[in-house]
Amino acid sequence: MAAEGTTAELAAPSSRRELSEPDGAAETVAVPLPGTEARLRPSRRRRGRQLVVSYLLTVFVLITANFALPRALPGDPVDALLSGESPHYVHSDVIRAQLNEYYGLDLPLWDQYRKYLGDLATGELGTSIRYNVPVAQLVAERLPWTLLLLSTSITLAIMIGWVTGVNSAWRRGRLADRGLLTLFLGVHSFPVFFVGSLALFAFGVKLGWVPLAGTRTYFATAGGALEAVRDVAHHLVLPALVLALQFATSQYLNMRASMVGELGSDYLLAGRAKGLRERRIKYRYAARNALLPVVAVTGVHIGAAVTQSILVETVFAYQGLGRLTFDAVAFRDYPTLQACFLVLTLVVVTANFAADAVNARLDPRVRA
Amino acid sequence: MDRRRFLIGSVGVGGALVLGACARTEDESPTGTTATTPDSGTEGALPRPTLSLAGNDIGLPSPFTYMRGPGLVHATLVYDTLVWKDSSGEILPWLAEEFEASDDGRTHTFQLREGITWHDGQPLTAEDVAFTFEYFNAQTLSPQVIAQPFPQIEEVRATDDRTVEFQLASPLADFYGFGGVGSILIVPQHIWSDVADATTASDPALLVGSGPFKLESYTQGEGAYLYTANDDYFLGTPFVERLEYRPVGEALPAVVAGDLDAASAPGLRPEVLAPFRDNPSLEILEAPPGNFGSALYWNLAKGGALADVNFRHACARAIDREDMVERLHGGNAQRGNPGWVPEGNPAHVDVEQYEFDRAQAESLLDEAGYTLGDGGVRQGPDGPLRFSLLTTNPPPPTADLVKTALGEVGIELTVESLDTPAFNKRVIAGDTEMSIIGFGGMNTDYGEGGYLRQVYSSKTKITQHAQGYENPEVDRLLEEQQVTLDEEERRKLVGQVQELIAEDLPLLPLVYPTGFTIFNPDSFAEWYYTEGGVASTVPTIENKHVFITGRDTGLEIRPFEEGG
């Protein structure tokens, strides 16, 4: 955010403040007048502390849910190890008991929970029951792919959603607006796995533009680093676009709605009166003000995007954390599930935290 | 699963639209077990191939951690057994160059080949063989590993460096096949003797075998495996240089796209197969029937109608299995056999088929005292004929057809579908009424007797076990065939079992879809289905014999040009 220096820019936030009603009283306190900085600091610190405590509490509740949910599913890891198709798995009670004992599944739930918390406190994620390797290793292999997919699609979605949202609102009711609105709502009304399957069929199977699955070409022998990057991008493009399109819809709708709210504002009129160019009024004046509520809900939407990334990774056999979670559910692999949920929830909570922090930077009303 | 069906269906429908109703000029491809290959022995040198196949995670391919049948097949690339098979199904000497059995069938002596070494250069000795069997028995075995020595093996002893002697408590008909020595992978003592718990050992560095391939890389969870040829293999430098298992979303389109050299799928409808048949660069190999199947189970232990054989016979008559073959697979399946053993298997005998006859089903129910009550549901002495039909999730297409068919005669089913772990839990706990369970490999050597015993004997316990079924005569025959060495005599016993189980009908096999392999003959044309299954138990095209020799029979390696 640029310094609140020029008169033009100061005019914008204040005019907005006048429009927004009830918490006017609090706002007068919150306006950072020169010389009041020192007085405000303790309360800001307290607020920060409250925020951290509330996030820590959230994480603790989530950690407990991560322990409880997998165990609430019918069937356990040992049931999952017995294959449905094969006649060769003799389910002897002895083997079952030994496996339960080995993986600590025979302990009372309370003891399992205590051990889980104790392990977590020391950063120990346990050993996967399906793969027999440390869960930390599995997560470390998969997380980068998910982060790559998420960051690419979120960046794309924000760019697409904001630009189309601003312009759609600017041309409210015209053909471009109606077209964009129909397109986004249309895409949004189909579940992401359906859109994904359709895209895969069209661009992967029929046109052959993108690979059918995976994060990279396996066992590639030729080519250097540049070729490897190109290969990863080639595998990334379709899943990232599908996820971005879903995420862009919510960004678009919010941006459009928020922007429409700004359309009749006096400060826009003032800008026009000063003879500023349309482009400047649209992006620097209106969009800038419209951004606040959009940023505020972006954290929540990132949470939804993380959930949808699990579906996208499954459809595209994209070997990230979502795919690992999906497989872990199928195998009731408790330690892997716990770790995947933990990391995914941390991603969501961090995204929320970041969105809150950014929002606080942008919006003087929540800054105090 | 849904997506796979959608994609395969789409490929099929798309292909059918483009190609019209598809003139099937090469209709009825040969149902033999081998592809048309050039005559062995007369050909010149071929380029040495690298093959790509579909990858799924089957665990680390050590003999103690692999998963399921495909996992066993992977492990056999790195490790060897004493004997092995080619396409003919004949037992070939492998690590052992000679073997003989005593007259009572209780002592077996194996003479190892000379000069076999492990991948690390250490010699493979009779001590390693003895160690392997001991070590296997000492493991707390994970249920994921399917090949385990039979308890009948009393002692395995190395009498000198190259001779090993097996002492059995009783003769074992299946000794050279699955569960005897046919699928027990010999491991090096110097690697494993220090590993206490082999079933949780996950270090790829442990994978020192004697096999034709070495594991070059394995991506946990994704199922990407790369094997490279062991050029010092005791039978000679393997014909195939590299084996790549690539995880792909959809295997069949990946063959068309050239990403894979071959892929298999069961029960494909003719219109799905048509585009592959019409593709000049692809060929199709058809598996013998019985690679896969599914059956309708009644839980006899629940009593009431479920325990009434007349009720089960009536259900069987109400279900049109021929129609299932047509409707679900367009004819590319065999009708399920109440005697369980598929037609074409040497152990198969003809049994009562319970031909579809709705009127007869109704009169059977009437006679047995199940009278039509309100709302079209019959009433028995224990209440209305309303049952849950448990299936895996998503429910197999057979579930709807069974529900509709039984609904027509006044039996009301509610389909209940659960994912695998939840499904297994219910089945193992005996918490079922009626259910549909899938299985595979009925056409293998193991399917001739051992498998039947696992399914129908009251002394065994597997997911596919006949629920609540106990017939002392069946139990006795199944135990007896295990120790009967005379093949003809054994088949007679197995035949009697088939008649009895068809009469008692604790489960009704519904369909046996035909397996198909689609491959690109330009990269490799020698694919075959092993008679009786790889390792006597896994119905697959991936017999390492073909990767080593590039031929369908014998141990002579096809000449090749390097750098192809």
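Naming convention: chains lettered A, B, ... in sequence-line order (proteins, then strands); numbering from 1 in each chain. This is a predicted model, so every value here is computed, not measured.
Closest approach of A/Phe219 and B/Ser217 over heavy atoms only: CE2-OG, 3.8 Å. Residues B/Gly221 and A/Asp327 approach most closely at O-OD2, 4.4 Å, considering heavy atoms. Between A/Thr217 and B/Arg246, the closest heavy-atom pair is CG2-NH1, 4.1 Å. The two residues A/Asp79 and B/Pro421 make their nearest non-hydrogen contact at CB-O, 3.5 Å. Closest heavy-atom contact between A/Arg142 and B/Gln220: NH2-O, 3.6 Å.
Residues A/Tyr131 and B/Asp57 are in side-chain contact: their nearest non-hydrogen atoms beyond the backbone lie under 4.5 Å apart. For the pair A/Gln98 and B/Thr199, the minimum side-chain heavy-atom distance is 4.5 Å or more.
Of the residues considered (B/Pro247, B/Gly55, B/Gly450), B/Pro247 shows the highest number of contacts with chain A, using heavy-atom pairs under 4.5 Å.
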Checklist entry - Taking it one step at a time, do A/Gln319 and B/Thr219 satisfy side chain to side chain contact (heavy atoms under 4.5 Å, CB included)? => result CA-CA 10 Å; A/Gln319 302 289 348; B/Thr219 319; over 6 Å; no
Checklist entry - Would B/Glu222 and A/Glu141 count as a side chain to side chain contact (heavy atoms under 4.5 Å, CB included) if you check the C-alpha gap in whole Å, the side-chain angles of each, and the deciding distance to 0.1 Å? => result CA-CA 11 Å; B/Glu222 296 183 32; A/Glu141 278 168 16; 5.8 Å; no
Checklist entry - Do A/Phe331 and B/Thr420 pass the side chain to side chain contact (heavy atoms under 4.5 Å, CB included) test, and can you show the C-alpha distance, the side-chain angles, and the key distance before you say yes or no? => result CA-CA 8 Å; A/Phe331 282 90; B/Thr420 307; over 6 Å; no
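The OH atom of B/Tyr225 sits 11.5 Å away from atom OH of A/Tyr218, with the distance rounded to the nearest 0.5 Å. For the atom pair CG (B/Leu60) and CG (A/Asn132), the distance works out to 9.5 Å, reported to the nearest 0.5 Å. In this structure, CG in B/Asn424 is found 10.0 Å from CG in A/Asp76, a value given to the nearest 0.5 Å.
For chain B, the nearby part of A/Leu138 is the side chain; its heavy atoms alone come within less than 4.5 Å. Neither the backbone nor the side chain of B/Phe292 comes within contact range of chain A, judged by heavy atoms closer than 4.5 Å. Heavy atoms closer than 4.5 Å to chain A are found in both the backbone and the side chain of B/Thr200. Contact annotation for B/Ala224: both backbone and side-chain heavy atoms come within less than 4.5 Å of a heavy atom of chain A. Of the atoms belonging to A/Leu99, it is side-chain heavy atoms, and not backbone ones, that fall under 4.5 Å from chain B.
Of residues 100-114 of chain A, those residues lying under 4.5 Å from chain B by any heavy-atom pair are A/Tyr102, A/Tyr103.
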